[in-house]
Each structure stands twice: as structure tokens, then as C-alpha cells.
Colleague: 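Supplied in C-alpha cells, the structure appears directly below.
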Amino acid sequence: LERVAVRLKQIEQEGRLPRFEVLRKPVEPQPIAGIRDTVGGYADLAELFRELAGYLASRGVAPRASAMALHYDAEYRDQGADVEAAMPLTHEELRRIKGNARVETRVLPRIEAASVIYTGPYEGIGTAYSALLGWMQSHGYRAAGPNRELYLQGPGHGSEPSRYVTEAQVPAQPLKAARRKTGGGL
């Protein structure tokens, strides 16, 4: 009922349906292989994915359609962004594959995430993040870790950029819990 009330208030304020529906959901632990680096621009992330795919292929891991990126910077950066290109692994692959100086294998922890689905070219995903961060602020949450982007449908699927589908997730921690852990204000 609370979500319906918030939705109705948004409709009244905007005079139209909101573009994004923000959901809070649990995200279970996920084994991954990843390459973390500082990139000149977000377009450079594609090169990290190519490098990671080559490494995994040399170890007998078939390419996956569900690549993801982790964004470690606290705010958006046009250049010099700290990002990680990652591919999900099975638990068996995680046991079998060892990383190297560039590739790290590990399990991403379970998180409670604020999440939206964005459809369109990657250059426009900022609108989804604005919706996520606005929702978190109005509902008493703060970001509690790196943002995750799951590429559900993208260039690897032969789609036009207008049809790319990306899930943006921000680990969401209630502000009250953050105050308890730190012993005061933020």
C-alpha cells in the first residue's frame, strides 16, 4: 500500500506515469571473474570485457550473455572512472579458474539493492540512476557499496542501442542502520 501511495503522489506531481519503477530486492551472492581498472571513459569498458572474455575462453568458459559492470566511484565521472568488467561464473568454474595479475575471481556478496530496469543507449542511463538515487533519498536509504549494472540485452545480442536493456542496482542500506553502525550521524 505504501508503494501505491508513493506512486499516486508521483503521478499527481508529474501529471504522468513515472518512467522508472524502483524496486528494493535481495541480490544473492554471485561468483564472478572480473577486471578492475581506471578507464579514460565508459566506452573503454568494452575493451575490459574483450580482455576478460579472452581470458575466460582460454580457460574453457563460454561467453555469457549476462555481463555486468561494477562502478566504485562515489559519484559519476566522465573520465578516470574506477570500474570492473565482470562475468558471472558457476561455483564449479570459480573453483576451477584461478585469476592472474589482471583477472580476479571471487564471490560478490549478498546485497539488498534498489533496482531499476533501463531501456535505451548506455549514454542515457544517468536518468535511471537519478530515479534510483531520488527514490533512495525519499525512502531513507544510502548507497552501501559499488553500483552494479547488469547488461540484460546489449551489443552482443545484435540489438540497436535503443533496445538495450540494463538493470542498474545500488546496494541500499537504511539510514537508521548506518547511524547505528557508525554511532552517530553520517
Side-chain angles (χ1 to χ4, degrees), residues 2-3 6-7 10 14 16-49 52-53 63-89 106-157 159-175 177-178:
E2 181 181 319
R3 271 185 46 200
V6 168
R7 176 65 60 134
Q10 287 174 334
E14 298 175 9
R16 59 182 170 77
L17 287 173
R19 183 169 174 200
F20 298 104
E21 180 176 2
V22 177
L23 299 175
R24 190 168 157 263
K25 69 179 198 175
V27 178
E28 295 305 317
Q30 174 65 60
I32 64 161
I35 297 177
R36 183 174 176 178
D37 206 346
T38 301
V39 295
Y42 287 105
D44 298 335
L45 194 54
E47 183 55 40
L48 294 181
F49 279 115
L52 180 60
R64 304 256 192 320
S66 53
M68 70 175 73
L70 288 89
H71 299 269
Y72 292 93
D73 295 308
E75 20 185 82
Y76 175 80
R77 292 174 162 236
D78 279 334
Q79 297 180 339
D82 182 6
V83 297
E84 181 175 10
M87 291 285 196
L89 299 174
R106 69 184 189 287
V107 177
L108 291 177
R110 181 189 190 283
I111 61 169
E112 290 291 326
S115 170
V116 297
I117 301 294
Y118 167 75
T119 302
Y122 298 136
E123 297 79 20
I125 199 165
T127 58
Y129 279 108
S130 292
L132 267 174
L133 297 175
W135 181 91
M136 289 175 66
Q137 184 177 26
S138 68
H139 286 80
Y141 289 92
R142 71 170 187 90
N147 301 339
R148 300 176 184 184
E149 288 179 5
L150 285 66
Y151 304 111
L152 306 175
Q153 183 171 322
H157 301 93
S159 296
E160 292 295 318
S162 64
R163 294 177 173 244
Y164 292 174
V165 179
T166 306
E167 180 179 357
Q169 300 175 345
V170 176
Q173 181 180 47
L175 288 173

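Note that these values count all heavy atoms, side chains included, but never hydrogens, waters or copies made by symmetry. All residue numbers refer to positions in the sequence shown, counting from 1.
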Colleague: Which residue pairs satisfy the salt bridge (Lys or Arg N to Asp or Glu O under 4.0 Å) criterion with at least one member in residues 29-43, sequence neighbours excluded?
Modeller: R36-D82, D37-R102
Colleague: If I compare all heavy atoms of Y141 with all of P174, which pair ends up nearest, and what's the gap?
Modeller: CD2-N, 3.5 Å
Colleague: If the plane angle is over 60° it's perpendicular, under 30° parallel, otherwise tilted; pick one for Y151 and F49.
Modeller: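 Rings of Y151 and F49: perpendicular, as their planes differ by over 60°.
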Colleague: Between D73 and A81, which heavy-atom pair has the shortest distance, and what is it?
Modeller: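 D73 and A81 have their closest heavy atoms at OD2-CA, 3.2 Å.
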Colleague: Return the minimal non-hydrogen interatomic distance between M87 and A67, and the atom names on each side.
Modeller: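 Smallest interatomic distance, heavy atoms only, reads SD-CB, 3.8 Å.
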Colleague: Residues in side-chain hydrogen bond (donor to acceptor under 3.5 Å, both in side chains) with Q137, at least two apart?
Modeller: none
Colleague: Under the side-chain contact (heavy atoms from CB on, under 4.5 Å) rule, collect the residues that match up with A131, sequence neighbours excluded.
Modeller: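 Only F20 meet the side-chain contact (heavy atoms from CB on, under 4.5 Å) criterion with A131.
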Colleague: Got a sec, which residues hit ring-ring contact (aromatic ring centres under 6.0 Å, His included) with Y129, two or more places apart in sequence or on another chain?
Modeller: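 Listed in chain order: nothing, the list is empty.
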Colleague: Salt bridge (charged side-chain N to carboxylate O under 4.0 Å, His left out) with E84: which residues, sequence neighbours excluded?
Modeller: R106
Colleague: To the nearest 0.5 Å, how far apart are CG in L45 and NE2 in H71?
Modeller: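 Between atom CG of L45 and atom NE2 of H71 there are 6.5 Å.
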Colleague: Of all heavy-atom pairs between L70 and A86, which one has the smallest distance, and what is that distance?
Modeller: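 Closest approach of L70 to A86: CD1-CB, 4.0 Å.
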Colleague: Return the set of residues passing ring-ring contact (aromatic ring centres under 6.0 Å, His included) with Y118 (not counting sequence neighbours), or none when no residue passes.
Modeller: none
Colleague: Working to the nearest 0.5 angstrom, can you tell me the gap between L108 CG and I32 CD1?
Modeller: 4.0 Å
Colleague: Side chains of E21 and L23: does their closest heavy-atom pair fall under 4.5 Å?
Modeller: yes
Colleague: Taking only residues two or more places apart in sequence or in another chain, which ones pass ring-ring contact (aromatic ring centres under 6.0 Å, His included) with Y72?
Modeller: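 ring-ring contact (aromatic ring centres under 6.0 Å, His included) check on Y72 returns nothing, list empty.
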Colleague: Is the count of non-hydrogen atoms from other residues, nucleotides or ligands lying under 6.0 Å from Q79 atom CD greater than 12?
Modeller: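 Not more than 12 within 6.0 Å, no.
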Colleague: With sequence neighbours excluded, tell me which residues meet side-chain contact (heavy atoms from CB on, under 4.5 Å) with V165.
Modeller: I117, T119, L152, Q153
Colleague: If you round to the nearest 0.5 Å, how far is OH of Y42 from CD1 of I125?
Modeller: 10.5 Å
Colleague: Excluding sequence neighbours, so at least two apart, what forms side-chain contact (heavy atoms from CB on, under 4.5 Å) with A33?
Modeller: L52, L56, L89, V103, T105
Colleague: Please name the pair of heavy atoms, one in S162 and one in P121, separated by the smallest distance, quoted to 0.1 Å.
Modeller: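 Scanning both residues, the minimum pair turns out to be CA-CD, 4.1 Å.
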Colleague: Name every donor-acceptor pair, under 3.5 Å, that has one atom in a side chain of residues 109-116 and the other anywhere in the protein, sequence neighbours excluded.
Modeller:
from	atom 1	to	atom 2	distance (Å)
R110	NH1	E112	OE2	3.0
R110	NH2	E112	OE2	3.1
S115	OG	E167	OE2	2.6

Colleague: Is any side-chain heavy atom of Q30 less than 4.5 Å from a side-chain heavy atom of M68?
Modeller: yes
Colleague: Not counting sequence neighbours, which residues clear side-chain contact (heavy atoms from CB on, under 4.5 Å) with A46? List them please.
Modeller: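 Result, side-chain contact (heavy atoms from CB on, under 4.5 Å) vs A46: R50.
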